[in-house]
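All remarks here apply to the structure that follows.
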Amino acid sequence: MRIDIVTIFPEFFDVLDISLLGKARQSGLIDLGVHNLRDHTHDRHRTVDDTPYGGGAGMVMKPEPWGEAFDAILDPATDDVATDDVATDDPATDDAATDDVAVDLPVVIFPSPAGEVFNQAMAKELALEKHLVFGCGRYEGIDQRVIDDTATKARVRMVSLGDYVLNGGEVAVMAMIEAIGRLIPGVVGNPASLVEESHENGLLEYPSYTKPASWRGREVPPVLLSGNHGAIAAWRHDQQVERTRRVRPDLLPAANSEE
Ligand SMILES: Nc1ccccc1-c1cnco1
């Protein structure tokens, strides 16, 4: 998978050189490009923002630097996806061929509090893509025309990490890259460990224990020491359901959460 990130804080992503994702980059499973938005400015102050039309507090990110950055990343000459057609919203041109090309277009993700909420299902979906591009907005956001222009040559998604406010998209992108990257085949050493995690089967994960069997007067649940794998599996599933019902009843199908 090719991942590109556009940001005014490229050094923020230096951490992607280490740990699991660092290994995935060294092994070629992930090819990462971090781009400084200011490299696409041409004034002495390398300006990326300006006051909002219509007034209001704060600053809006100017369209020109973004347009130039995305042109460089999405340009068919440098991108390995054949994009001779361009996906359009115009029904007259929305034929099957265009739809096929649209499926192959890169996905450009703008973290935004106004986006669809990121979850494990979206992480799985995005882990199947060939090319992801993340645009890290700051200030009061990015000029809307950048999103509209990019949508003519990529599949654009506005994505929120949750209902809270961040100063910019970098933290959100870091979380999404970790959640997506670890699902790419070969990145996690033992794929079986991906199966029994929170949200993998729609439930929160069960509590875990390791040695010693007794610690500060607290014992490991005896079933886990029984060697009875059927009983252990049943206990763990019961724990998942109980924990999900207590902490995240919204994840349970309506019937279960009323029981
Ligand atoms: N608050 C923000 C400001 C800028 C870019 C993303 C966000 C965001 C993403 N998910 C929640 O908030």
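Worth saying up front: this structure is predicted, and the values here are computed from it rather than measured.
Between the side chains of Glu64 and His40, no donor-acceptor pair of N or O atoms lies under 3.5 Å.
Checking side-chain atoms of Arg38 against main-chain N and O of Arg46 turns up a donor-acceptor pair under 3.5 Å. Listed for the Glu140 side chain is no donor-acceptor partner under 3.5 Å among the backbone atoms of Met59. Within the 3.5 Å criterion, the main-chain N or O of Val188 finds no donor-acceptor partner in the side chain of Arg182. Distance alone, capped at 3.5 Å, is enough to place a donor-acceptor pair between the Thr7 side chain and the Phe9 backbone. No donor-acceptor pair under 3.5 Å is formed between the side chain of Arg2 and the backbone N or O of Leu132.
A heavy-atom distance below 4.5 Å is not found between the side chains of Ile147 and Thr150. By the 4.5 Å heavy-atom criterion applied to side chains, Ile5 and Val133 are not counted as neighbours. Pro106 is not listed as a side-chain neighbour of Arg155, based on a closest heavy-atom distance of 4.5 Å or more. Taking 4.5 Å as the limit, some side-chain heavy atom of Glu116 sits within range of a side-chain heavy atom of Met122. No side-chain heavy atom of Glu11 sits under 4.5 Å from any side-chain heavy atom of Val34. Counting heavy atoms from C-beta on, the side chains of Leu21 and Ile177 come closer than 4.5 Å. Contact check for His131 versus Leu105: no side-chain heavy atoms found under the 4.5 Å cut-off. Looking only at side-chain heavy atoms (C-beta outward), Val173 and Phe12 stay at 4.5 Å or farther from each other.
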Which atom pairs, donor and acceptor, lie under 3.5 Å between side-chain atoms of residues 220-230 and protein residues at least two apart or in another chain?
{"residue": "Ser226", "atom": "OG", "partner": "Val223", "partner atom": "O", "Å": "2.6"}
{"residue": "Ser226", "atom": "OG", "partner": "Asn228", "partner atom": "N", "Å": "3.0"}
{"residue": "Asn228", "atom": "OD1", "partner": "Gly230", "partner atom": "N", "Å": "3.1"}
{"residue": "Asn228", "atom": "OD1", "partner": "Ala231", "partner atom": "N", "Å": "2.9"}

Please output the side-chain donor-acceptor pairs of residues 159-169 that fall under 3.5 Å, not counting sequence neighbours, one pair per line with the distance.
{"residue": "Ser160", "atom": "OG", "partner": "Gly162", "partner atom": "N", "Å": "3.0"}
{"residue": "Ser160", "atom": "OG", "partner": "Gly162", "partner atom": "O", "Å": "3.0"}

Leu74 and Val108: CA distance, side-chain angles, deciding distance, side-chain contact (heavy atoms from CB on, under 4.5 Å) verdict: CA-CA 10 Å; Leu74 299 172; Val108 176; 4.2 Å; yes
Criterion ring pair (Phe, Tyr, Trp, His ring centres under 6.0 Å) on Phe134 and Phe70, from CA distance to verdict: CA-CA 10 Å; Phe134 292 91; Phe70 284 143; over 10 Å; no
Arg138 and Ile8: CA distance, side-chain angles, deciding distance, side-chain contact (heavy atoms from CB on, under 4.5 Å) verdict: CA-CA 9 Å; Arg138 293 233 137 213; Ile8 59 172; 3.9 Å; yes
Full working for side-chain contact (heavy atoms from CB on, under 4.5 Å) between Leu203 and Leu251: CA-CA 7 Å; Leu203 298 171; Leu251 293 178; over 6 Å; no
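At a threshold of 4.0 Å, the pair Asp31-Arg25 does not count as salt-bridged, since none of the basic side-chain nitrogens sits closer than that to a carboxylate oxygen. Look at Lys153 and Asp71 and you find a salt bridge, because one of the NZ, NE, NH1 or NH2 atoms lies within 4.0 Å of a carboxylate O, short of that distance. Between Glu125 and Arg157 there is a salt bridge, since a side-chain N of the basic residue sits under 4.0 Å from a carboxylate O of the acidic one. Contact check on Glu205 versus Arg243 returns no salt bridge, with no Lys/Arg side-chain nitrogen under 4.0 Å from an Asp/Glu carboxylate oxygen.
When all heavy atoms of Met61 and Gly137 are compared, the closest pair comes out as SD-CA, 3.7 Å. Contact between Pro111 and Gly135 at its shortest, heavy atoms only, is CD-O, 3.1 Å. The minimum heavy-atom distance linking Ile184 with Ala127 is given by the pair CG1-O, 4.2 Å.
Here Trp235 contributes atom CH2 and Gln240 contributes atom CD; the two are 10.5 Å apart, rounded to the nearest 0.5 Å. Of the inter-residue distances, the one linking Thr41 atom OG1 with Asn36 atom CG reads 8.0 Å to the nearest 0.5 angstrom. In this structure, OH on Tyr206 lies 16.0 Å from CD on Glu242, to the nearest 0.5 angstrom. Atoms CG and CZ, on Asp250 and Arg248 in that order, are 4.0 Å from each other to the nearest 0.5 Å.
Side-chain heavy atoms closer than 4.5 Å link hydrophobic residues (I, L, V, M, F, W, Y) into clusters, and following such links, even through other members, never connects Ile109 to Val117. Grouping the Ile, Leu, Val, Met, Phe, Trp and Tyr side chains by contacts below 4.5 angstrom, directly or via other members, places Val247 apart from Leu252.
Evaluation of the side-chain contact (heavy atoms from CB on, under 4.5 Å) rule for Ala123 yields Phe118, Gln120, Ala179, Ile180, Leu183 as partners, not counting sequence neighbours.
The 12-atom threshold is exceeded at CZ of Arg246, counting heavy atoms of other residues, nucleotides or ligands nearer than 6.0 Å. Around CD of Gln239, the count of heavy atoms belonging to other residues, nucleotides or ligands within 6.0 Å exceeds 12.
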